[in-house]
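Just so you know, these numbers come straight off a predicted model, no measurement behind them.
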Amino acid sequence: MDNFDLHNHSTASDGLLSPTQLLELGARHGAHAMALTDHDTLDGLEEAAAAARRCGVRFVPGVEISVSWGETTVHVVGLAIDPGSPDLAAGLRSVREGRLGRARRMADALATMGVPGTLEAALALAGSEQRLSRTHFARHLAAAGKVRDTQHAFDKYLGKGKPAFVAHRWAGLEEAVGWIVGAGGIAVLAHPARYGLKPLGRATLLEEFKRLGGEAIEVVTGSHRPEEYATWRRVAEEYGFLASRGSDFHGPGESPVEPGRLPPLPASLVPVWTRWKH
Ligand code: AMP
Ligand code: MN
Ligand code: MN
Ligand code: MN
């Protein structure tokens, strides 16, 4: 089997391992090719590419873009993008610039619930204002003993509809797909099972994504439960999407699947890597 793992995070966004540590871990687990797909940033790609060369792993430069689709936040992964694309870089910068203001509002909400000081603590974990994510808040809440673990921080405070959730405008779907395609990449709808969409909303999103130039969806991902794979296999077949496979790894002990350790894609699907593997 081709062991391609095309969705991973590093300390350049909300992962716990450096790009080098991430590539080394994937290589140990037998990954043949890996993408780094940090949220709204290309910062880790150069380091990851160098580490991949040392480890004998084929490297796929990537990114995971935060998108607002109506009231729903969806994630679009760009694969095999040109990291030098000025339009992609400018677009991602504009998305990142919203993170500090949103984080302030999350911290204010937490303070009114009797949990002060979270902005400073999350910032210390993130290392930069433009990297601030809910994951850093969740890690702080867990470390401070406010919740049992990071998952619980989302369930109690940070998830959609919870008291410290702050609605935010990310990139538009058309913009995000445009930046990816303009950078020579392939746009992949990340973990489609995670958006809580009803059948009509789901169909509308998939059709719009395809019309805008989206070519693939994630089927086998650490962010889907294994029993969800079959549903999204059928969706990929029905809409004619290429299929992607990626662990969505964030850190040891925090993510359900380690890099390079997912089951294979169902044999009936056309893997996204057929688009660039010659
Ligand atoms: P943000 O971009 O700041 O909204 O943070 C989104 C990140 O938080 C995702 O990429 C995941 O890493 C994490 N996340 C989102 N929802 C959950 C959840 N329900 N449970 C655990 N982690 C989550
Ligand atoms: Mn994340
Ligand atoms: Mn995601
Ligand atoms: Mn991800």
Side-chain angles (χ1 to χ4, degrees), residues 6-15 19 34-49 59-106 126-136 166-192 194-195 204-218 223 241-242 244 246 248 250 272 275-276:
L6 300 179
H7 188 150
N8 288 284
H9 296 274
S10 76
T11 47
S13 65
D14 62 349
M34 287 176 71
L36 180 67
T37 54
D38 274 309
H39 298 286
D40 311 313
T41 184
L42 309 175
D43 276 357
L45 296 181
E46 215 175 286
E47 181 185 325
F59 184 63
V60 180
V63 65
E64 181 174 20
I65 306 183
S66 310
V67 166
S68 292
W69 185 72
E71 299 306 304
T72 306
T73 298
V74 303
H75 285 172
V76 177
V77 161
L79 293 177
I81 43 119
D82 169 9
S85 160
D87 288 353
L88 176 61
L92 296 177
R93 193 175 319 116
S94 72
V95 178
R96 288 196 303 271
E97 279 168 356
R99 284 192 174 270
L100 176 61
R102 166 183 180 253
R104 282 208 179 98
R105 292 176 61 201
M106 292 196 286
S128 121
E129 293 175 351
Q130 298 201 350
R131 247 181 251 159
L132 270 170
S133 85
R134 286 184 289 163
T135 311
H136 300 109
V166 171
H168 186 71
R169 241 29 241 170
W170 301 106
L173 185 62
E174 181 165 10
E175 277 181 314
V177 173
W179 298 334
I180 291 166
V181 173
I186 300 172
V188 184
L189 187 64
H191 43 64
R194 292 278 62 81
Y195 307 132
T204 309
L205 173 62
L206 292 166
E207 278 158 20
E208 197 171 320
F209 179 63
K210 183 152 203 181
R211 182 172 55 76
L212 294 172
E215 290 186 72
I217 65 170
E218 289 183 344
S223 289
F241 281 120
L242 302 169
S244 193
D248 204 0
H250 284 73
V272 65
R275 280 281 269 96
W276 69 80

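By the 6.0 Å contact criterion, CD on Glu208 is enclosed, its count of non-hydrogen atoms from other residues, nucleotides or ligands being greater than 12. Counted within 6.0 Å of CD on Glu174, heavy atoms from surrounding residues, nucleotides or ligands total 12 or fewer; the atom is thus considered open. By the 6.0 Å contact criterion, CZ on Arg105 is open, its count of non-hydrogen atoms from other residues, nucleotides or ligands being 12 or less.
Two residues are said to be in side-chain contact when any heavy atoms from C-beta on lie closer than 4.5 Å; Thr204 and Trp69 meet this criterion. Taking the side chain as every heavy atom from C-beta outward, Ser244 and Leu79 approach each other to under 4.5 Å. For the pair Phe241/Phe209, a side-chain contact is recorded, criterion being any heavy-atom separation below 4.5 Å from C-beta on. Looking at heavy atoms from C-beta onward, Arg102 lies in side-chain contact with Trp170 at the 4.5 angstrom threshold. A heavy-atom distance below 4.5 Å is not found between the side chains of Asp38 and Val63.
Taking CG of Leu206 as the start and CG of Leu189 as the end, the distance is 6.5 Å to the nearest 0.5 Å. Atom CD1 of residue Ile81 and atom CG of residue Leu88 lie 5.5 Å apart, to the nearest 0.5 angstrom. Taking CG from Leu42 and CG from Leu92, the interatomic distance works out to 5.0 Å, rounded to the nearest 0.5 Å.
At distances below 3.5 Å, not a single donor-acceptor pair connects side-chain atoms of Asn8 with backbone N or O atoms of Leu36. Here the side chain of Ser10 pairs no donor or acceptor atom with the backbone of Gly15 at under 3.5 angstrom. Judged purely by atom type and a 3.5 angstrom limit, Asp248 has no side-chain atom pairing as donor or acceptor with the backbone of His7. With hydrogens and angles ignored, the 3.5 Å screen pairs no side-chain donor or acceptor of Arg275 with any backbone N or O of Ile186. The closest donor-acceptor contact from the side chain of Thr37 to the backbone of Leu6 lies at 3.5 Å or more, if one exists at all. Between the side chain of Arg99 and the backbone N or O of Arg131 there is no donor-acceptor pair closer than 3.5 Å. Although no hydrogens or angles enter the test, the distance criterion places a donor-acceptor pair under 3.5 Å between the side chain of Glu218 and the main chain of His191.
Val74 and Leu205 get closest at one heavy-atom pair: CG1-CD2, 4.1 Å. For the pair Ala190 and Tyr195, the tightest heavy-atom approach, listed with the atom from each and the gap, is O-OH, 2.6 Å. Across all their heavy atoms, Ala176 and Val67 have their closest contact at CB-CG2, 3.5 Å. Of all heavy-atom pairs between Pro19 and Thr11, the closest is CD-OG1, 3.9 Å. When every heavy atom of Thr41 is checked against every heavy atom of Arg96, the shortest pair comes out as CA-NH1, 3.8 Å. Residues Val177 and Gly214 come closest through the heavy atom pair CG1-N, 4.0 Å.
Between His9 and His39, the angle of the ring planes stays under 30°, which puts this pair in the parallel group of the 30/60° scheme.
Side-chain atoms of His250 and Asp14 include a donor-acceptor pair closer than 3.5 Å.
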